[in-house]
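Some notes on the structure that comes next.
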Amino acid sequence: MYRLNEFLNLEGNKISTSRNWAVWLHEYLEDFPGKEDVLRYVLCANAPEAKDNDFTWKDFQAKNNNELVAIFGNFVNRVLVLIQKYYEGVIPEKGDFHPLDHELISFLNEAPKTIEKSIEAFRFREALANFIEIARRGNKYLADCEPWKLIKENPERVKTVLNLAAQVVANLAIVGEPFLPRTSQKIFKALGISPISWEKAGNTDLLNSGDKIREPELLFAKIEDAEIEKQIAKLKSTETVVEKINEEVKVVQPMKQLISYDDFAKMDLRIGTILKAEKVENSNKLLKLLIDTGVDQRTILSGIAKYFKPEDIVGKQVTVLLNLAPRKMMGFESQGMVLLAENQDGNLIFVSPEQGVANGSTVN
């Protein structure tokens with residue numbers, strides 16, 4: 001089973017390795033050492049599951065600073081620091097549960113099941129959002145309980161609060177592993193335990209009272225504006241160079257390998273007229289065309305939605321490759337191919353006869 005995604009663009013333009021309009025992994029690792037999981041997180045959060053999406057460096061910075069640092073990393077660090085501070089790094093015992101505890105436990109029991117269902121349905125963005133919600137709820141739990149105040153008034157209560165908070169940290173390490181594998185390993189190491197299997201996620205007895213944790217380290221660091229401006233400037237310099245080259249040299253695709261006349265003769269090229277055109281639901285690139293080929297009326301899907309409005313091309317005569325094997329796309333069977341060419345502006349145009357001809361006329 002597989003899922004067909006749409007396109008991921010870069011800073012508003014199509015990713016193109018030939019034009020160097022891309023984020024090269026080796027350069028990323030040099031510029032952002034130790035931040036492999038940040039890139040994984042942002043790419044998953046921006047996955048073009050139902051429509052085209054855009055990767056931007058500003059969004060990359062925002063997701064790192066506002067989500068990984070401020071929500072996820074902040075929660076884990078607060079819990080481990082408080083346990084070090086109040087209990088010398090030893091997991092305290094749980095006592096009686098309060099309503100806030102029951103609310104957290106109930107949420108934690110269900111969260112992994114929700115994430116699992118999203119992953120199995122290939123809704124990775126949804127799964128990631130539910131993952132970060134666990135850290136968000138953990139932060140809220142600490143804010144509501146205020147263990148830094150309770151430690152003076154009710155130290156026994158603080159033990160329960162920090163035990164449960166540590167259980168949330170352990171659960172985050174389990175369910176976060178598909179998205180942030182290196183980070184999960186760091187959390188398991190900080191908790192002083194071996195990795196825990198997914199089947200145990202949702203439990204609040206993953207850590208035993210008396211277990212010793214290690215000195216906490218920050219999981220994520222803020223990314224400064226200067227680092228982001230450097231990446232944007234790198235792309236802009238690439239764009240300028242490419243534009244200059246394109247102005248000086250007309251880029252022409254090299255000729256493909258020679259074929260025989262018999263190979264060409266196998267292609268059945270006809271002139272047809274577009275009778276209907278409509279957008280395909282959940283796709284930003286496909287138009288569903290009904291074309292009178294002279295031989296029949298058939299449905300052809302074409303990735304031209306960015307270049308043509310459906311209402312503008314009805315009645316247009318086009319060149320159709322009739323005997324291309326049918327292909328299933330987005331729940332429809334496409335029976336052929338419409339021929340197009342790219343003009344100097346990078347837009348697509350139909351390969352059409354200069355004068356009107358009968359539908360079904362052959363192209364020789």
Side-chain angles (χ1 to χ4, degrees), residues 68-117 127 130-180 183-220:
L68 292 178
V69 174
I71 298 175
F72 179 31
N74 178 58
F75 171 69
V76 173
N77 187 64
R78 288 168 82 188
V79 173
L80 299 186
V81 165
L82 288 173
I83 292 174
Q84 283 287 354
K85 182 178 180 180
Y86 298 150
Y87 308 109
E88 297 182 342
V90 175
I91 302 291
E93 282 189 274
K94 292 192 287 280
D96 294 333
F97 288 153
H98 288 206
L100 283 175
D101 305 332
H102 288 296
E103 184 180 332
L104 179 68
I105 292 169
S106 177
F107 167 77
L108 197 59
N109 286 341
E110 294 301 316
K113 301 173 189 174
T114 302
I115 294 171
E116 186 173 351
K117 287 179 181 177
N130 288 323
F131 159 73
I132 205 69
E133 180 62 22
I134 297 176
R136 189 177 280 109
R137 291 288 288 267
N139 275 316
K140 184 178 184 302
Y141 176 71
L142 287 182
D144 290 342
C145 294
E146 298 183 311
W148 44 87
K149 290 184 180 179
L150 278 175
I151 195 65
K152 298 177 181 178
E153 307 162 7
N154 189 352
E156 287 302 310
R157 170 68 183 144
V158 175
K159 292 180 181 179
T160 299
V161 170
L162 290 184
N163 183 295
L164 286 179
Q167 306 293 346
V168 175
V169 171
N171 274 278
L172 282 168
I174 298 173
V175 298
E177 197 162 15
F179 315 106
L180 306 165
T183 303
S184 288
Q185 291 301 315
K186 288 180 182 178
I187 296 175
F188 285 129
K189 186 177 179 181
L191 293 173
I193 60 175
S194 300
I196 303 172
S197 66
W198 184 280
E199 289 74 18
K200 295 183 179 180
N203 294 324
T204 52
D205 57 359
L206 300 173
L207 303 172
N208 300 313
S209 58
D211 286 351
K212 179 78 172 178
I213 66 171
R214 301 190 180 189
E215 286 289 336
E217 297 180 7
L218 291 177
L219 295 177
F220 303 98

For the residue pair [X] and [Y], what are the closest heavy atoms and their distance?
| X | Y | value |
| --- | --- | --- |
| Val169 | Phe75 | CG2-CE2, 3.7 Å |
| Ala127 | Phe179 | CB-CZ, 3.7 Å |
| Val81 | Pro216 | CG2-CG, 3.8 Å |
| Ala190 | Leu80 | CB-CD1, 4.0 Å |
| Gln84 | Ile213 | NE2-O, 3.6 Å |
| Pro92 | Asn163 | O-ND2, 2.6 Å |

Can you measure from [atom1] ([X]) to [atom2] ([Y]) and round to the nearest 0.5 angstrom?
| X | Y | atom1 | atom2 | answer |
| --- | --- | --- | --- | --- |
| Ile71 | Glu133 | CD1 | CD | 8.5 Å |
| Tyr141 | Glu146 | OH | CD | 12.5 Å |
| Asn130 | Lys117 | CG | NZ | 11.5 Å |
| Lys159 | Asn154 | NZ | CG | 10.5 Å |
| Leu172 | Ile134 | CG | CD1 | 5.5 Å |
| Glu177 | Phe131 | CD | CZ | 11.0 Å |

Other residues, nucleotides, ligands: >12 heavy atoms within 6.0 Å of Glu153 CD: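 More than 12 heavy atoms, drawn from other residues, nucleotides or ligands, come within 6.0 Å of this atom.
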Flag if over 12 foreign heavy atoms under 6.0 Å of NZ, Lys94: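 Enclosed: over 12 neighbouring heavy atoms sit under 6.0 Å from NZ of Lys94.
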Chi angles and distances behind the side chain to side chain contact (heavy atoms under 4.5 Å, CB included) call for Ile83, Ile91: CA-CA 7 Å; Ile83 292 174; Ile91 302 291; 4.0 Å; yes
Can you confirm whether [X] sits close enough to [Y] that some side-chain heavy atom of one is under 4.5 Å from a side-chain heavy atom of the other?
| X | Y | answer |
| --- | --- | --- |
| Leu68 | Leu180 | yes |
| Leu82 | Tyr87 | no |
| Leu100 | Cys145 | yes |
| Trp198 | Ile115 | yes |
| Trp148 | Lys85 | no |

Glu116 and Lys113 ion-paired at < 4.0 Å: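 Salt bridge flag = no for Lys113 with Glu116.
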Donor-acceptor contact present, side-chain [X] to main-chain [Y], <3.5 Å:
| X | Y | value |
| --- | --- | --- |
| Asn77 | Leu218 | no |
| Thr204 | Leu164 | no |
| Asn171 | Gly202 | yes |
| Gln167 | Leu206 | yes |
| Asp101 | Val161 | no |

Pairs where residues 209-218 contributes a residue and the test side-chain hydrogen bond (donor to acceptor under 3.5 Å, both in side chains) is met, not counting sequence neighbours: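 side-chain hydrogen bond (donor to acceptor under 3.5 Å, both in side chains) check on residues 209-218 returns no pairs.
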